[in-house]
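Side-chain atoms are counted along with the backbone in the values below, which use heavy atoms only and exclude waters and symmetry mates. Convention: sequence-line order gives letters A, B, ...; per-chain numbering from 1.
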Number of protein chains: 2
Amino acid sequence: MPRRDEFDLIADLFAPLAGRHPAALNLADDAAVLPPPAEGQHTVVSVDTIVGGVHFLPDDPPDLVARKALRVNLSDMAAMGAEPVGVFLSVALSAAEDDAWMDRFIVGLDHDLGAYGVGLMGGDTVSTPGPASFTITILGQVPPGAYLSRAGGRVGDDLWVSGTLGDSALGLRVLTGTLTLSDKAASDFLCDRYRVPRPRVDLGLALRGVATAALDVSDGLAGDLRHLCRASACGARIETARLPLSDATRYCIESDPALADIALTGGDDYELLFSAPPDQAALVDDIAERLTVPLTRIGCLEGGNGVTVLSGDGGSRLLESFGWRHGW
Amino acid sequence: MPRRDEFDLIADLFAPLAGRHPAALNLADDAAVLPPPAEGQHTVVSVDTIVGGVHFLPDDPPDLVARKALRVNLSDMAAMGAEPVGVFLSVALSAAEDDAWMDRFIVGLDHDLGAYGVGLMGGDTVSTPGPASFTITILGQVPPGAYLSRAGGRVGDDLWVSGTLGDSALGLRVLTGTLTLSDKAASDFLCDRYRVPRPRVDLGLALRGVATAALDVSDGLAGDLRHLCRASACGARIETARLPLSDATRYCIESDPALADIALTGGDDYELLFSAPPDQAALVDDIAERLTVPLTRIGCLEGGNGVTVLSGDGGSRLLESFGWRHGW
């Protein structure tokens, strides 16, 4: 397995990508230097690490690992209503990531940097005896006071979610062999949803001034809704019958009732969950149509501090500790 | 081994530190939000990852691991002449880092955040089946055009280095048992130099407008000098007799001639190497006195593209590939 040393990794793979952005100083200095954003905009910064065997699978295609690493960070920008500007990439490589693996990683990274108009501005390259991991720090910008917070939700606001829920968690089960689908198209769809999140960057920008609170659903709807409620000091009520499901996920649930809660508890969806006043509903519908992003009203914020889930048969549950958690 | 979950790590350990800086939004949102720096200053950004067993030792005291993680990043700010402002910390924890370990890690982090006046603004917390690793992204600021580059050195400039060289590489040998010193004080001094770098932040600020090129010596003087020469499109000549050595390192070299090149090749010094015109020498001496940082003239930049090392006996060597390499 031919292996570039760390210096050649930078020269051969990273510098050509970074050369597109002047702040990177061609990766030839100790740091990047960024001029202030135009018009007094504020800088939004987030960091996410993905670890082999934890956040991606060792046999995931390298280009998709790169794209996932970037996209989970882009999703944080979406959640903040920020315009992504640039990223810093720290790669910790094990013996398994040979030149061919890294070549494919770079193809995926290059593709998505271009697709989202984001510059590679710097980073670090180290070796690790453990699994490979990738840490991306993303910088975005937002006009003063315009960022979307988790904390602005008000009692009576509608709760909306983008896209469909539960797909990614089912995709992970397919990829790890704990779920088998006879329908190959459905199976591929779910795996793709796990491997290549669709960060809702354009939606985040469109929701400035419309959403009262927002976050991205990375830990499962139920857990993330609790984060939003805690930050906004309120409770919430959602209806399971309203949760948006893909055909593939709907089929899985019908085939196995044990999966009934997958849209509530499954992680890695990277959809946006947001609140908005009821009188903004028509505007939210307009945004959905303009961006061709499905937006579904799943419930509302209410008093108290609990999350109530109304099921289709008229029953209700008060959620205590659903979902899993990561990130700050 | 009691273990906080990731959410409790944030709430118990990181949020209290981050609460000091408004940009962190109390770690309760998806990202930090920073207003533009005052007076149109530019933002300097660098990322460094340290991995257990690679950049620190598994039995290093946790508080010193935290301080090293922070200080190697502060050293990048020093090399750029930037004023450190804030950091983002992504921690990947193995099963070995229990609550007691993390408590001590936080003590060290807290200490150095305070000592250097740097805010914790955000981060990420993940688990890893491999060794623990810590990725810090540091943000600093510098007036427009004032940053120190590797690229501004000119033929005829003096070459200066701060502090002493080789201590850290010898400290690593002591800690890993490949070097034994009978003098405990000397031994402790060298180990401390490995574990707790002294980033030359104040020196970097003082060198704005004085140094023509600068970088921090993290990969060994010889290798880093080649980086400076490559970026500045020139060669260099240094004299081994001028390389600043601590008493402990001088003693080691006298005891074992095989260590003669340790000041040239040893890594992890985190001293500043910089060039300045000869007519600035008195000013450099003034800075050394004012900051009580030893600054030693070790040679000069010259034409060509090689690094020539003059030894005490009048011999000379042309360096080809000295030192080890990391970071961008």
Heavy-atom closest pair, residues B/M80 and A/D29: SD-OD1, 3.8 Å

Rounded distance (nearest 0.5 Å) linking atom CG of B/N73 with atom CG of A/D124: 8.5 Å

Under 4.5 Å from any heavy atom of chain B - which part of A/Q41: backbone

Winner by heavy-atom pair count (cut-off under 4.5 Å) against chain A, out of B/L9, B/I138, B/L25, B/V142: B/L25

Short side-chain to backbone donor-acceptor contact, A/S46 and B/D30, under 3.5 Å: yes

Contact summary for B/T49 and A/V126, nearest pair of heavy atoms: O-CG1, 3.7 Å

Top contributor to chain A contacts, counting heavy-atom pairs under 4.5 Å, from B/G52, B/S127, B/A82, B/A24: B/S127

Selection from A/S149, A/A92, A/A151, A/A231 maximising heavy-atom pairs under 4.5 Å formed with chain B: A/S149

Options A/T135, A/V54, A/I50, ranked by heavy-atom pairs under 4.5 Å with chain B, top entry: A/T135

Top contributor to chain A contacts, counting heavy-atom pairs under 4.5 Å, from B/G130, B/P131, B/A23: B/P131

Max heavy-atom pair count under 4.5 Å with chain B, selected residue of A/G40, A/G140, A/P36, A/S75: A/P36

Qualifying residues under side-chain contact (heavy atoms from CB on, under 4.5 Å), relative to A/L221, sequence neighbours excluded: A/L165, A/V217, A/I238, A/L243, A/L264, A/L273, A/I298

Atom CG of A/N305: over 12 foreign heavy atoms under 6.0 Å: no

Atom group of A/A214 that falls short of 4.5 Å from chain B, counting heavy atoms: backbone

Contact class of A/P144 relative to chain B, heavy atoms under 4.5 angstrom: neither

Among the listed options A/V44, A/V51, A/V33, the residue most often paired with chain B at heavy-atom distances under 4.5 Å: A/V33

Check against side chain to side chain contact (heavy atoms under 4.5 Å, CB included), A/L34 and B/V45: CA-CA 8 Å; A/L34 289 77; B/V45 186; 3.9 Å; yes

